[in-house]
Amino acid sequence: MEHIFSLCVFGHRKIFFDEKRETELYLLLEKYITEKNVGVFYFGGFGEFDFLCHKIITNLKEKYPFIKRVYVFEDYKYVSRPNKRPKWLNGYDYEAFEYFESDYIGFYKRIYFRNCEIIKHSDFCVFYVDETRENSGSNKALNFAKRKKKNYVN
């Protein structure tokens, strides 16, 4: 049985993607499926880049029905108590909901540490990050992936 790999996506809340760039992203994500055997896509669900990637993966799912869209929560209570989930988070948009255990238990930086756990659990990472925006969460995630020597594209 062939190993199924995983991929996560991170980008800024606001992005500008014209039709050409969206097509390039579609082809890149499809290439991960067909050439790298990626079948699991992790999402954190914040920002336009995440939403765009989710839309593309949802479209690709029609062609590759084996792929899974997985939403990763920053708090276990959302896994154990679905009625506490944000109203915009629909069960039919994802095949699974996960929570990755973290050493950090505070509230303020919970999303950062959730993102680090997503990166740790992923074989590949796709970013849309302006590296001059040093304090952005996406840039922090990219720097974490670099420190962990993850296979990524930006």
Side-chain angles (χ1 to χ4, degrees), residues 1-75 78-79 85-100 102 109-154:
M1 188 160 147
E2 200 170 0
H3 180 72
I4 302 292
F5 292 97
S6 59
L7 182 144
C8 62
V9 298
F10 290 97
H12 297 299
R13 283 183 196 263
K14 293 286 183 190
I15 61 170
F16 173 75
F17 258 63
D18 58 19
E19 194 173 313
K20 179 179 182 262
R21 292 177 89 184
E22 189 171 333
T23 299
E24 290 170 354
L25 181 59
Y26 180 98
L27 294 173
L28 174 68
L29 293 171
E30 185 174 36
K31 192 173 186 177
Y32 275 106
I33 296 167
T34 60
E35 295 181 14
K36 303 287 188 190
N37 208 32
V38 169
V40 177
F41 292 86
Y42 292 122
F43 295 94
F46 295 112
E48 291 177 359
F49 186 71
D50 270 35
F51 293 129
L52 175 60
C53 289
H54 184 273
K55 180 181 94 171
I56 291 170
I57 295 304
T58 299
N59 289 337
L60 284 167
K61 190 165 175 53
E62 293 175 18
K63 195 172 180 182
Y64 308 100
F66 63 89
I67 62 177
K68 274 177 53 174
R69 300 162 300 169
V70 179
Y71 188 91
V72 181
F73 289 111
E74 71 278 2
D75 191 322
Y78 297 123
V79 175
R85 293 177 186 164
K87 300 284 185 242
W88 56 266
L89 193 58
N90 298 305
Y92 53 82
D93 287 334
Y94 299 91
E95 283 64 55
F97 295 99
E98 297 280 340
Y99 169 76
F100 297 137
S102 172
K109 294 183 180 179
R110 191 180 342 197
I111 290 175
Y112 169 75
F113 285 97
R114 184 271 319 259
N115 291 348
C116 293
E117 291 302 319
I118 291 173
I119 292 166
K120 287 181 195 175
H121 284 80
S122 297
D123 299 296
F124 304 99
C125 307
V126 173
F127 291 91
Y128 181 73
V129 174
D130 174 357
E131 294 187 59
T132 64
R133 294 176 56 186
E134 295 177 18
N135 290 324
S136 79
S138 300
N139 197 28
K140 290 176 183 177
L142 174 59
N143 288 329
F144 182 81
K146 288 177 181 179
R147 284 193 307 276
K148 291 296 180 184
K149 298 183 178 8
K150 285 293 183 171
N151 188 330
Y152 74 92
V153 296
N154 182 21

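Because the structure is predicted, anything quoted here is derived from the model rather than measured. Quick note: residue numbers are just sequence positions, from 1.
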Parallel under 30°, tilted from 30 to 60°, perpendicular over 60°: which one fits the rings of Phe124 and Phe5? perpendicular

Heavy-atom side-chain contact between Glu95 and Ile67 under 4.5 Å: no

Please indicate whether Lys36 has more than 12 foreign heavy atoms, meaning atoms of other residues, nucleotides or ligands, lying under 6.0 Å from its NZ. no

Smallest separation among heavy atoms of Lys61 and Pro65, with atom names: NZ-O, 3.0 Å

Hey, are Glu22 and Lys55 close enough for a salt bridge, meaning a charged N less than 4.0 Å from a carboxylate O? yes

Kindly indicate whether the side chain of Ser6, heavy atoms from C-beta on, has any atom under 4.5 Å from the side chain of Asp123. yes

Distance check, rounded to the nearest 0.5 Å: Ser122 atom OG versus Asn151 atom CG? 11.0 Å

So do Leu25 and Arg21 actually touch side chain to side chain, heavy atoms under 4.5 Å? no

Measuring only between side-chain heavy atoms, which start at C-beta, is Ile57 closer than 4.5 Å to Leu60? yes

Sub-6.0 Å ring centroid separation between His54 and Tyr94: yes

Result of checking Asn115, Ile119, Ile118 against Phe144 for side chain to side chain contact (heavy atoms under 4.5 Å, CB included): Ile119

Minimum-distance pair of heavy atoms, taken over all atoms of Asp130 and His12: N-NE2, 2.8 Å

Are there more than 12 heavy atoms of other residues, nucleotides or ligands under 6.0 Å from atom NZ of Lys146? yes

Donor-acceptor under 3.5 Å (Lys150 side chain, Lys120 main chain): yes

Whether Ser138 side chain and Gly11 backbone form a donor-acceptor pair below 3.5 Å: yes

Could you check whether the rings of Phe10 and Phe127 sit parallel, tilted or perpendicular, using 30° and 60° as the cut-offs? parallel

Check for me whether the distance between the ring centres of Tyr42 and Phe100 falls short of 6.0 Å. yes

Are side-chain heavy atoms of Asp50 and Val9 found at a separation under 4.5 Å? yes

Spacing of Asn37 atom CG and His3 atom NE2 [to the nearest 0.5 Å]: 8.0 Å

Any chance you could measure Cys116, atom SG, to Lys148, atom NZ, to the nearest 0.5 Å? 8.5 Å

Would you compute the distance between atom OG1 of Thr34 and atom CG of Leu29 and round it to the nearest 0.5 angstrom? 11.0 Å

Determine whether the aromatic ring centres of residues Phe43 and Tyr71 are separated by less than 6.0 angstrom. no

Please determine whether a side-chain nitrogen of the Lys or Arg among Arg114 and Glu117 lies less than 4.0 Å from a carboxylate oxygen of the Asp or Glu. no

Knowing that exactly one of Phe51, Phe49, Tyr152 qualifies, which makes a ring pair (Phe, Tyr, Trp, His ring centres under 6.0 Å) with Tyr128? Phe49

Verdict with supporting geometry, Leu7 and Val40, side chain to side chain contact (heavy atoms under 4.5 Å, CB included): CA-CA 6 Å; Leu7 182 144; Val40 177; over 6 Å; no

A side-chain contact here means heavy atoms from C-beta on lying under 4.5 Å apart; do Tyr64 and Glu30 qualify? yes

Nearest heavy-atom contact between Glu98 and Val70 is CG-CG1, 3.3 Å

